[in-house]
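Below is a structure I'd like to ask you about.
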Amino acid sequence: MEKNSADSAVRKKRRILAAFLLLAAAMAAGILLNICIGSVSVSLSEILKILSGQPMGEKQQTIILQLRLPRTILAAVLGGALALSGYLLQTFFHNPIAGPFVLGISSGAKMVVALVMVFFLGRGRMVNSAGMIAAAFAGAMLSMGFVLLMSRRIRRMSMLVVSGVMIGYICSAVTELVVTFAQDADIVNLHNWSLGSFSGTTWSSVRAACICVTVIFVLVFLMSKPLSAYQLGESYALNLGVNVRLLRIGMVVFSSILSACVVAGPISFVGIAVPQLVKKMLGTAEPIWMIPASFLGGSVFCLFCDLLARTLFAPTELSISTVTAVFGAPVVLWVMAYGTKE
């Protein structure tokens, strides 16, 4: 019996190690491909020279340092943030199809960002990355508050998801109302943002997102043990001395901040699909492994979806949300068919 248990533990560790190595390799490949591939091809040797500060053509330097590199970093960071946000929401609601897009949190963030953008742009002022994140966080918390209120009245998880979808529709309706009465220039800016794209990423956006996501990631990772106890039930967690109320507040706030960091516009299905795929890869749902693996998986998912979005029909660029939906929606359908329990 002890030998079988030891062999099982060894196999589990090997599987987890193999999953992390695969995710790390996929992330490295995604970063390289996103930097190298485009309307202007840049070789790996040229990229290394540019990054090391060696003199190169001004065109190549601008493409790499001002366009592709910040866009690639932001796609990796925000993809990881969305996946981690989805994992926290799924843990909070004990529901495998909970996520910022399905529960209307992304729509709430979009609504408040639309209001802020129209307000400031109508007065000839721009909104910086920090302002966008703050506005998106306010909208995310507003939608999350409604979802939490509904969760107290509704016990069936399927109906809670429907409530989240309805909240998303309400927020979208308000956004459309704002757009209707906005000026033409504001509508163009808001429309481009609402499509969801990493195009036009600046280093200031990368800096703001990286700082915010790094801090939240560390805090979430420090919650690994309480989250592990919470997964086994609130009563069990209370018996172990976990402050369940504080833990739940932390999950709500952190998931909302991670969703709000996505200043590139709403991106669908990453928060639902990636944690489920990662869980299958790891063969475990332990938070200490799921937290970093979900982040890596989200980064890989968004890197390759963004690559397809800008190269598949070049020079026309697709909305990244369109590509993530194509790959993410089948995963959600599979989870709904085989991975949920009423």
Exercise for review: Kindly say whether Met290 contributes a backbone atom to a donor-acceptor pair with the side chain of Ser294 at under 3.5 angstrom?
Suggested key: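 Present.
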- Audit row: Phe137, Val112, side chain to side chain contact (heavy atoms under 4.5 Å, CB included) steps and yes/no: CA-CA 9 Å; Phe137 174 68; Val112 176; over 6 Å; no
**Prompt:** Any side-chain heavy atom of Ile291 sitting closer than 4.5 Å to one from Leu227?
**Reply:**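 Side chain of Ile291 against side chain of Leu227, heavy atoms only: contact under 4.5 Å found.
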(message) With clusters defined by side-chain heavy atoms of hydrophobic residues (ILVMFWY) lying less than 4.5 Å apart, directly or transitively, does Ile211 cluster with Val206?
(response)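 No, no single cluster joins them.
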(request) Please tell me if the side chains of Leu247 and Met251 come closer than 4.5 Å, counting only heavy atoms from C-beta onward. (result)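 Answer yes - side chains close enough.
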Check the pair Phe304, Leu33 against side chain to side chain contact (heavy atoms under 4.5 Å, CB included), reporting the backbone distance first and the verdict last.
CA-CA 9 Å; Phe304 282 99; Leu33 289 172; 3.9 Å; yes
Decide whether Val323 and Phe313 are clustered together by the hydrophobic rule: side chain heavy atoms of Ile, Leu, Val, Met, Phe, Trp, Tyr closer than 4.5 Å, transitively.
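Shared cluster, yes.
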Quiz item: In Å and rounded to the nearest 0.5 Å, what is the NZ to CG distance from Lys49 to Leu44?
Solution: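 Here the rounded value is 11.5 Å.
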Q) Is the backbone of Phe92 close enough, under 3.5 Å, to the side chain of Tyr230 for a donor and an acceptor to pair up by distance? A)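 Confirmed, Tyr230 side chain pairs with Phe92 backbone.
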For this session: Please examine the side chains of Leu69 and Ile35, heavy atoms only from C-beta on, and report whether any two atoms are closer than 4.5 Å.
Result: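 They are in side-chain contact.
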Next on the checklist: Between Ser228 (side chain only) and Ser224 (backbone N and O only), is there a donor and an acceptor less than 3.5 Å apart?
Outcome noted: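 Looks like no, no N/O pair under 3.5 Å.
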Checking side chain to side chain contact (heavy atoms under 4.5 Å, CB included) against Ile50, which of Ile63, Thr62, Leu65 comes through?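 Single pass found, and it is Leu65.
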Taking the side chain as everything from C-beta on, heavy atoms only, tell me whether Ile31 gets closer than 4.5 Å to Ile73.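 Heavy-atom side-chain distance check fails, nothing below 4.5 Å.
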Under a 3.5 Å distance rule, please check whether Asp306 uses its side chain to pair with a backbone N or O of Cys302 as donor and acceptor.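 It does not hold such a pair.
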Legend entry - Minimum heavy-atom distance between Ser255 and Leu89, given as atom pair plus value: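 In this case the closest contact between Ser255 and Leu89 is OG-CD2, 3.6 Å.
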Exercise. Any chance you could lay out the side chain to side chain contact (heavy atoms under 4.5 Å, CB included) test for Val278 and Trp289, step after step, and finish with the verdict?
Key: CA-CA 10 Å; Val278 167; Trp289 303 118; over 6 Å; no
**Message:** Would Leu277 and Val331 count as a side chain to side chain contact (heavy atoms under 4.5 Å, CB included) here? Give the steps.
**Reply:** CA-CA 8 Å; Leu277 294 173; Val331 176; 4.2 Å; yes
Side chain proximity check, Ile320 to Arg310, heavy atoms < 4.5 angstrom: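 Ile320 does not reach Arg310 side chain to side chain.
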For Leu303, is there any backbone N or O sitting under 3.5 Å from a side-chain donor or acceptor partner on Asn34?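 It does hold such a pair.
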task = Of all the heavy-atom pairs spanning Gly297 and Leu23, show the shortest one and how long it is.
result =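 Looks like CA-CD2, 4.0 Å.
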Same cluster for Leu219 and Leu88 if Ile/Leu/Val/Met/Phe/Trp/Tyr side chains link at under 4.5 Å?
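Leu219 and Leu88: one cluster.
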Measuring from Leu115:CG to Leu177:CG, what's the distance to the nearest 0.5 Å?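 Nearest 0.5 Å value for the CG-CG distance: 9.5 Å.
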Should we count CZ of Phe146 as having more than 12 external heavy atoms under 6.0 Å?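 No, not enclosed.
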### Message
Whether the side chain of Glu317 engages the backbone of Thr311 through a donor-acceptor N/O pair (distance < 3.5 Å, no angle test) should be reported.
### Response
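Pair absent, no side-chain N/O of Glu317 close to backbone of Thr311.
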Determine whether Ser299 and Val77 make a side-chain contact, defined as any pair of heavy atoms from C-beta on separated by less than 4.5 Å.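 They are not in contact (no side-chain heavy atoms under 4.5 Å apart), so the answer is no.
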Single-linkage hydrophobic cluster Leu82~Val215, side-chain heavy atoms < 4.5 angstrom: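 Yes.
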Nearest heavy-atom neighbours spanning Trp203 and Pro70:
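Closest heavy-atom pair between Trp203 and Pro70: CZ2-CD, 3.7 Å.
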Contact check, side chains of Ile47 and Leu32, non-hydrogen atoms, under 4.5 Å:
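They are not in side-chain contact.
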Taking atom types as modelled, is there a side-chain donor on Ser204 or Thr202 under 3.5 Å from an acceptor on the other?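 Yes, Thr202 and Ser204 have a side-chain donor paired with an acceptor closer than 3.5 Å.
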Exercise for the section: Report the distance from atom CD1 of Ile170 to atom OG of Ser107, rounding to the nearest 0.5 Å. Expected result: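 It comes to 10.5 Å.
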Exercise for the section: Report yes or no: do Ile288 and Ile16 belong to one cluster of Ile/Leu/Val/Met/Phe/Trp/Tyr joined by side chain heavy-atom distances under 4.5 Å? Expected result: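 Result: yes, single cluster for both.
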Side-chain donor or acceptor of Arg15 paired with backbone N/O of Met281 under 3.5 Å: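 Yes: the side chain of Arg15 pairs with the backbone of Met281.
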Item checked: salt bridge (charged side-chain N to carboxylate O under 4.0 Å, His left out) evaluation trace for Glu286 with Lys12 -> CA-CA 12 Å; Glu286 293 178 34; Lys12 179 181 176 181; 2.4 Å; yes
| field | Atom pair CZ/CG of Phe327 and Leu308 - distance to nearest 0.5 Å | value |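 Here the interatomic distance stands at 5.5 Å.
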Polar contact flag, side-chain donor to acceptor under 3.5 angstrom, Gln276-Gln90
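Yes.
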Looking only at heavy atoms, which two atoms of Leu78 and Cys261 are closest? And how far apart?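 Residues Leu78 and Cys261, closest heavy atoms: CD2-O, 3.3 Å.
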Q. Short question: side chain of Ser85, backbone of Ala81 - any donor-acceptor pair under 3.5 Å?
A.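 Here the side-chain-to-backbone pair does not exist.
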- Query: Do Met111 and Leu142 have side-chain heavy atoms sitting under 4.5 Å apart?
  - Reply: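 Yes, close enough: below the 4.5 Å cut-off.
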- If you round to the nearest 0.5 Å, how far is CG of Leu149 from CE of Met144?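 Output value for this atom pair is 11.0 Å.
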* Asked: How close do Ser143 and Cys171 get, heavy atom to heavy atom, and via which atoms?
  ->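 So the minimum-distance heavy-atom pair works out to OG-SG, 3.7 Å.
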| task | Return the minimal non-hydrogen interatomic distance between Met27 and Ala76, and the atom names on each side. | result |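 Heavy atoms of Met27 and Ala76 come nearest at CE-CB, 4.1 Å.
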Query raised in the report: Just how far is it from atom CD of Gln66 to atom OG1 of Thr201, taken to the nearest 0.5 Å?
Result: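 Answer rounded to 0.5 Å: 12.0 Å.
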